[in-house]
Amino acid sequence: MIIGDDIENATYQDKPRTFPDMRSKSYTPFVFRVVMGINVRVILIILILCLGVIFYIGASTSPIIVFVFSICIVSFLFSIYLTKWVLSKDEGPPEMAQISDAIRDGAEGFFRTQYGTISKMASFLALVILSIYLFRSTTPQQESSGLGRSSSAWITVISFLLGAMCSGVAGYVGMWVSVRANVRVSSAARRSAREALQIAVRAGGFSAIVVVGMAVIGIAILYATFYVWLDVDTPGSMKVTDLPLLLVGYGFGASFVALFAQLGGGIYTKAADVGADLVGKVEQGIPEDDPRNPAVIADLVGDNVGDCAARGADLFESIAAEIISAMILGGTMAQRCKIEDPSGFILFPLVIHSFDLIISSAGILSIRGSRDKVPMEDPMTTLQKGYSVTIILAVLTFGASTRWLLYTEQAPSAWFNFALCGMVGIITAYLFVWITKYYTDYKHEPVRTLALASSTGHGTNIIAGVSLGLESTALPVLVISVSIISAFWLGHTSGLIDDAGNPTGGLFGTAVATMGMLSTAAYVLTMDMFGPIADNAGGIVEMSQQPESVRAITDVLDAVGNTTKATTKGFAIGSAALASFLLFSAYMDEVSSFAHESFTQVDIAIPEVFVGGLLGSMLIYLFSAWACSAVGRTAQEVVNEVRRQFLERPGIMDYREKPDYGRCVAIVASASLREMIKPGALAIISPMVVGVVFRILGHYTGHPLLGAKVVAAMLMFATVSGILMALFLNTAGGAWDNAKKYIETGALGGKGSECHKAAVTGDTVGDPFKDTAGPSLHVLIKMLATITLVMAPIFL
């Protein structure tokens, strides 16, 4: 990739604020070019027709689906308002706009290449799924409804591809807004901290509303289409309680794209960050995001492709997996309890996430901006106020939704028990956010203790960081444990019983708690998107050489952004733990359906099953190792390139020569695409290979369900190991980063001191932990659950 022309006659010092474009002409995706070439009236007519079809299908399905569609469309209109509001803000002086253009072009170029690669892999996997489903056995429910193998195969493949496409769009939306908002936040920081905060939050809010809205409307459209197409609930056709199982492919498609987006983006952003920090800060002693650092543009591009695009796909996949698993469990429970109208129990997750869009919008709007130079309130306090507004509204809407949809004459008080399950989930989410904030915010003791350890050298900093990360797994695990058991028993005692008089609401209670935890997902994602936008804004301010007072504002926003990113990761891993528990239960139900025999427990005293568990735990460690080593190898290439440029162009340090930013961008872009394949393939192929191998072994030893049992153990152990490993990696990485930020505020010798250099080492160790391996594990444990659901037939 070439960046502009070299400066020939003028020296860099004469033009210290001029930054060339990353490419000669702007790029617009093909679909957008086609749409922009169509007459506006034609587009409006097409949109109205599409809305008419969607509402007709919704009305033919259930009034609840119409309600969900209406909320989603209003939310999309609100997101358009937020976009217009953000884009109406000025981009600041020309030097800021030039840097922003370079970041935008680099991010969009990488995104295009990365998603081109992912789409080819998704197409290949779709063919594999199609061939497996065409030659598999059918369940009794499918046989009774007349749904043949070919119909089932095409439904799963279409769901998979739609989930993959929506996940990709969610990622693109996250990146699209961040690369346009960053320069506007930088410009606003010249006037007021509060205005800069408001722009960053509203830009993040746009992305969050679109991501959650797409997850909800995508599943709702798929559900309603299948309902109408398959004549569900008519004599001789499929029952509505079996319909959610057809949506599993959607969750797998979302997980598949999210995993590669997170891996590729994480490797890109952290390789550039580590390379820039090690040579720039430690060896050359120049500030972060200094324009003399050849890797600085690659680092800023990485914030967008790694944090915004990947996290958008990650939370999209979390919500999709949780909605589908809760719909499956709701349908199963309604069937066992012979509930007359089960649609309320099945569609309950869609309604909860529709309300999430409303209450999170209120939280986003509660953060007001001001151009007055008033004393700056702590941005974290402002964001917490918005979160408190969202939580209060979540409690009210959750209670109303349970009374509306989960009330049944068979157990009149069951809805109240489920409302309490939702409360358990909401409290769990709040505790997760608070615990992660405690361990990663430099206002609290753990990070200050870690910073103090830097004063005695690099080694003590690493030891303190690792021990902090290990310790930080305890409280979240206790919280998850209490919430799972509490929600299960609240559901168990709800009064819902099957024909034999056995309580059946336990698992659905846990599903409702998961919904409670994710009922504020849009606002939490807003706080997460705020982080990389603030980080980019700080980089633009530093590169365009703005006054120190402006950098001070963006530094505060950046430090808060680090904490919000860490809290979102804590939130994501908590919800992943609960969602995986639900998906595990759904897997056991599906195996029972295919095998025509009960499959309710996994006995790890069976040697093969225990080995499956060991393989699951090993998968987590091997995957993490490959993700971290991918960052390390790519970072070495960046370090060597940056050193070469400083050596061969000595004029860079005194602004007489300009660095070749494009060379570093090209290195990390090609390396991250190459490196993401191996860990991603490991995650997808492992459960399939293990299941097939032990299925063959079981066939010859007279244990027909051995393959399914071993995969269940693998899934169980991988989930447990993955939760603990992700908590350790995310928290240790976030704490190292903020310990460095704390020293940069002037504590313990400040920037450039030996203490600061030790903290930078800790930060570089933590970078692949918190932004590559850790977040990829959230996706991995849910993808293992969805892939086993989709591939269950080949294990039997």
Side-chain angles (χ1 to χ4, degrees), residues 125 127-144 148-149 152-153 156 242 245 248-249 252 255 325 328-329 332 507 580-623 679 681-723 780-796:
L125 190 57
L127 290 174
V128 172
I129 295 169
L130 182 65
S131 56
I132 288 170
Y133 270 62
L134 284 173
F135 298 103
R136 67 164 208 175
S137 60
T138 53
T139 64
Q141 293 94 325
Q142 288 170 341
E143 287 167 8
S144 64
R149 286 181 184 177
S152 178
T156 306
D242 297 323
L245 272 170
V248 170
F252 180 35
S255 300
S325 57
I328 291 170
L329 292 174
T332 306
L507 272 177
S580 297
F581 177 68
L582 303 182
L583 288 163
F584 181 73
S585 306
Y587 167 73
M588 294 177 85
D589 282 346
E590 190 178 12
V591 169
S592 299
S593 297
F594 280 114
H596 311 299
E597 62 178 277
S598 177
F599 181 48
T600 54
Q601 54 192 27
V602 180
D603 185 359
I604 61 167
I606 299 168
E608 293 89 346
V609 175
F610 183 73
V611 167
L614 274 179
L615 291 172
S617 296
M618 177 214 73
L619 172 64
I620 297 298
Y621 283 83
L622 186 59
F623 176 87
L682 173 77
I684 292 162
I685 294 167
S686 297
M688 291 196 276
V689 170
V690 168
V692 170
V693 167
F694 281 96
R695 173 197 173 178
I696 294 166
L697 189 64
H699 176 73
Y700 286 108
T701 56
H703 295 88
L705 280 183
L706 187 64
K709 287 177 180 176
V710 171
V711 169
M714 185 183 191
L715 182 57
M716 194 189 297
F717 280 63
T719 301
V720 171
S721 302
I723 291 163
L780 174 67
I781 61 176
K782 283 170 292 185
M783 199 193 73
L784 287 173
T786 51
I787 197 171
T788 50
L789 264 176
V790 172
M791 298 296 182
I794 66 170
F795 309 144
L796 299 168

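Being a predicted model, the structure only gives us computed values, none of them experimental.
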Using distance only, find each side-chain donor-acceptor pair of residues 786-796 under 3.5 Å and give its atom names and separation, not counting sequence neighbours.
from   : atom 1 : to     : atom 2 : distance (Å)
Thr786 : OG1    : Lys782 : O      : 3.2
Thr786 : OG1    : Met783 : O      : 3.1
Thr788 : OG1    : Leu784 : O      : 3.0
Thr788 : OG1    : Ala785 : O      : 2.7

Taking all non-hydrogen atoms of both residues, which atom of [X] and which atom of [Y] are closest, and how far apart?
X	Y	value
Ile781	Gly722	CG2-CA, 4.0 Å
Ser325	Leu583	CB-CD2, 3.6 Å
Ser585	Leu507	OG-CD2, 3.3 Å
Thr156	Ser152	OG1-O, 2.9 Å

Just how far is it from atom [atom1] of [X] to atom [atom2] of [Y], taken to the nearest 0.5 Å?
X	Y	atom1	atom2	result
Leu134	Leu130	CG	CG	4.5 Å
Ile132	Leu125	CD1	CG	8.0 Å
Phe581	Leu329	CZ	CG	9.0 Å

What residues, two or more places apart in sequence or in another chain, satisfy side chain to side chain contact (heavy atoms under 4.5 Å, CB included) together with [X]?
X	answer
Ile696	Val692, Tyr700
Leu682	Leu619, Leu622, Phe623, Trp626, Ser686
Met588	Phe584, Phe599, Val602

Dump the intermediate steps for side-chain contact (heavy atoms from CB on, under 4.5 Å) on Ile620 and Leu780, then the final yes or no. CA-CA 9 Å; Ile620 297 298; Leu780 174 67; 3.7 Å; yes
One pair to check against side-chain contact (heavy atoms from CB on, under 4.5 Å): Val611 and Phe694. What are the steps and the verdict? CA-CA 10 Å; Val611 167; Phe694 281 96; 4.2 Å; yes
What side-chain donor-acceptor pairs closer than 3.5 Å can you find for residues 704-712, not counting sequence neighbours?
none

Go through the structure and list residues passing side-chain hydrogen bond (donor to acceptor under 3.5 Å, both in side chains) with Thr701, not counting sequence neighbours.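 Residues passing side-chain hydrogen bond (donor to acceptor under 3.5 Å, both in side chains) with Thr701: His703.
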Report yes if the side chains of Val720 and Phe717 come closer than 4.5 Å at any heavy-atom pair, otherwise no.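 Val720 does not reach Phe717 side chain to side chain.
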What side-chain hydrogen bond (donor to acceptor under 3.5 Å, both in side chains) pairs are there with at least one residue in residues 613-622, not counting sequence neighbours?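 Listed once each, the pairs are Ser617-Ser721.
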